[in-house]
Amino acid sequence: MGQLLAILGGEPVITENIFKPWPTITEADKKAVCDVLDAAGEERLWGGSGPSTTKLQDAWSERIGRKHTLLTNSGTAALHTAVAAAGIEPGDEVITSAFTFVASATCILHHNAIPVFADVDLDTFDIAPASIEAQITDRTRALIPVHIHGLPADMDPINEIARRHNLVVIEDACQAHGATYHGRPAGALGDMACFSLNGIKHLIAPEGGLFCCDDEEQFARARLLQSFGEFSDPNLPREYNARSLGWMYRSTEINAALAYSQLQRLDEYNAQRQRNAAYLHERLSELPGVVPTPMSEGVTSAYWLFAYRVPLSEAPLDDVPQVVWRETVAKALNAEGVPTRQWQTRVTPAQSLFQTHNAYGRGCPWDCPHGRRISYDLEQYPNAQRVVEQYLVLWHPETVYWNLIGPPNGLEQMSALADGFDKVCSNLAALIPLAREAAENNE
Ligand SMILES: Cc1ncc(COP(=O)(O)O)c(C=O)c1O
């Protein structure tokens, strides 16, 4: 394609909004929620042990092959629950990914433990097993690998490291409902797993989380933490005795009913994501200047987001910083009607919380008697830094049409997106003066 790029005044490839918003709410979803409301008075809508909650928990356990699932009121709550269930104590160290959503790390702080970050693989953006090994100390108690953008982390070597060092493995599968790793589902790849049911995820409540495990002791600890530290048995009178420190992480029957109804369509939705991603992957892999996250052998991504890199090595310009090139490409794609931007804009340990060691105040938990003031020097995460410098995702910059790779968007939308990429990537040379100008202006 030799046409004038839209950013230079040409006609955009996509001239109207063809993208459809997520989530899809069906009549069945509405009925499921209304049925719960209609049952008020006969069933308790709260409390964490109603029929919709139980049905959802049982269905999820069966689906991923776990003994236990607990519905919580967020993915973050599920992660904190897992940290507590792992028996983590103040000052213990837990390793997670340097490129993730902040909750993968704050769940560790929530239990007064110390988050330690491991670097990632440049291609997959997932935590790198070798970097985990390098961060292990005699204080390390657990690992929280994150299946970033829905692509499972390399769990076999991670579990092997955990076995050798006697560490608990908690999967952060908040973005990975339906992903698989060598035939096994995300959620059944470590000792415990957590999913988010937030409205932009594959399965919506539209806020909520799922904590999953097999071990009875871990499950008992999780249940205490989830509900005030009290032991609860719906068949016995309430004790009103906090046996340990608890939170209030229960959800409601309304959220459970919506998630259960949506669960009936999860496979269909995920299949559409797979089709969309496979199509885009094929088209983009042929283009210069853009490197889509690879489709690994034996591993199925749940494609929460479609991510790709625009490395400058594909268009070497000594006088243009990588981030300026990335933004120039993003602007050119946006001008063609391809909605793209970044999700995380910095590596996780670069966030002020970690750089200033300011969580609870007074430097705790790092400076508390059991803690240790570890360094979050960003030099430790070179690949994560390169990812942040180079990556973009398909995501509308301004509107709620967040999840372009997922349904209800289909091949019609993917084909238009690929045409937009085709045009920009076939005219990369035309972007060089724009990138140089932006670099000179420090944009
Ligand atoms: C990787 C990851 N972990 C944890 C969470 C937290 O989930 P929630 O928003 O349901 O608390 C998210 C949410 O985006 C996430 O992406």
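Counting starts at 1 for both ligands and their atoms, following the listed order.
The side-chain tip of Arg139 does not point at the ring of Trp366 from less than 6.0 angstrom away and within 45° of straight on.
Atom CD of Glu89 is surrounded by 12 or fewer heavy atoms from other residues, nucleotides or ligands within 6.0 Å.
Below 3.5 Å of separation, one finds an N or O of Gln175 facing an N or O of ligand 1. Polar contact with ligand 1: present for Gly75 (N/O pair, distance under 3.5 Å). Between Trp343 and ligand 1, a contact under 3.5 Å exists for no N or O pair.
Residue-level proximity to ligand 1 for Ile148 is absent, since no heavy atom of it falls below 4.0 angstrom. Contacts of Thr76 with ligand 1, taken as heavy-atom pairs under 4.0 Å, involve both backbone and side chain.
Of all atoms in ligand 1, numbered sequentially from 1 with element shown, those under 4.0 Å from a heavy atom of Leu79 are 4 (C). Shown in contact with Gly208 at under 4.0 Å from a heavy atom are these atoms of ligand 1, numbered in order with element: 10 (O). Below 4.0 Å from some heavy atom of Val146 lie the following atoms of ligand 1, by number and element: 1 (C).
The nearest heavy-atom contact from the protein to atom 5 (C) of ligand 1 is Phe101 CD2, 3.6 Å. Of all protein heavy atoms, the one closest to atom 14 (O) of ligand 1 is Lys201 NZ, 2.7 Å. Ranking protein heavy atoms by distance to atom 4 (C) of ligand 1, first place goes to Cys174 SG, 3.4 Å. Nearest protein heavy-atom neighbour of atom 3 (N) of ligand 1: Asp172 OD2, 2.8 Å.
Between Thr137 and Glu93, the side chains place a donor N or O and an acceptor N or O closer than 3.5 Å (distance only, hydrogens not considered). Counting only N and O atoms by type, the side chains of His149 and Tyr303 include no donor and acceptor under 3.5 Å apart.
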Practice task
Dump the intermediate steps for side chain to side chain donor-acceptor pair (under 3.5 Å) on Gln218 and Asp191, then the final yes or no.
Solution key: CA-CA 9 Å; Gln218 288 171 348; Asp191 298 299; 5.6 Å; no

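His202 and His177 have tilted rings, their planes meeting at an angle from 30° to 60° on a 0 to 90° scale.
Checked options Trp343, Phe99, Tyr308; the residue passing with Tyr391 is Phe99 (criterion: ring-ring contact (aromatic ring centres under 6.0 Å, His included)).
Here the two rings, on Phe117 and Phe354, have centers that are under 6.0 Å apart.
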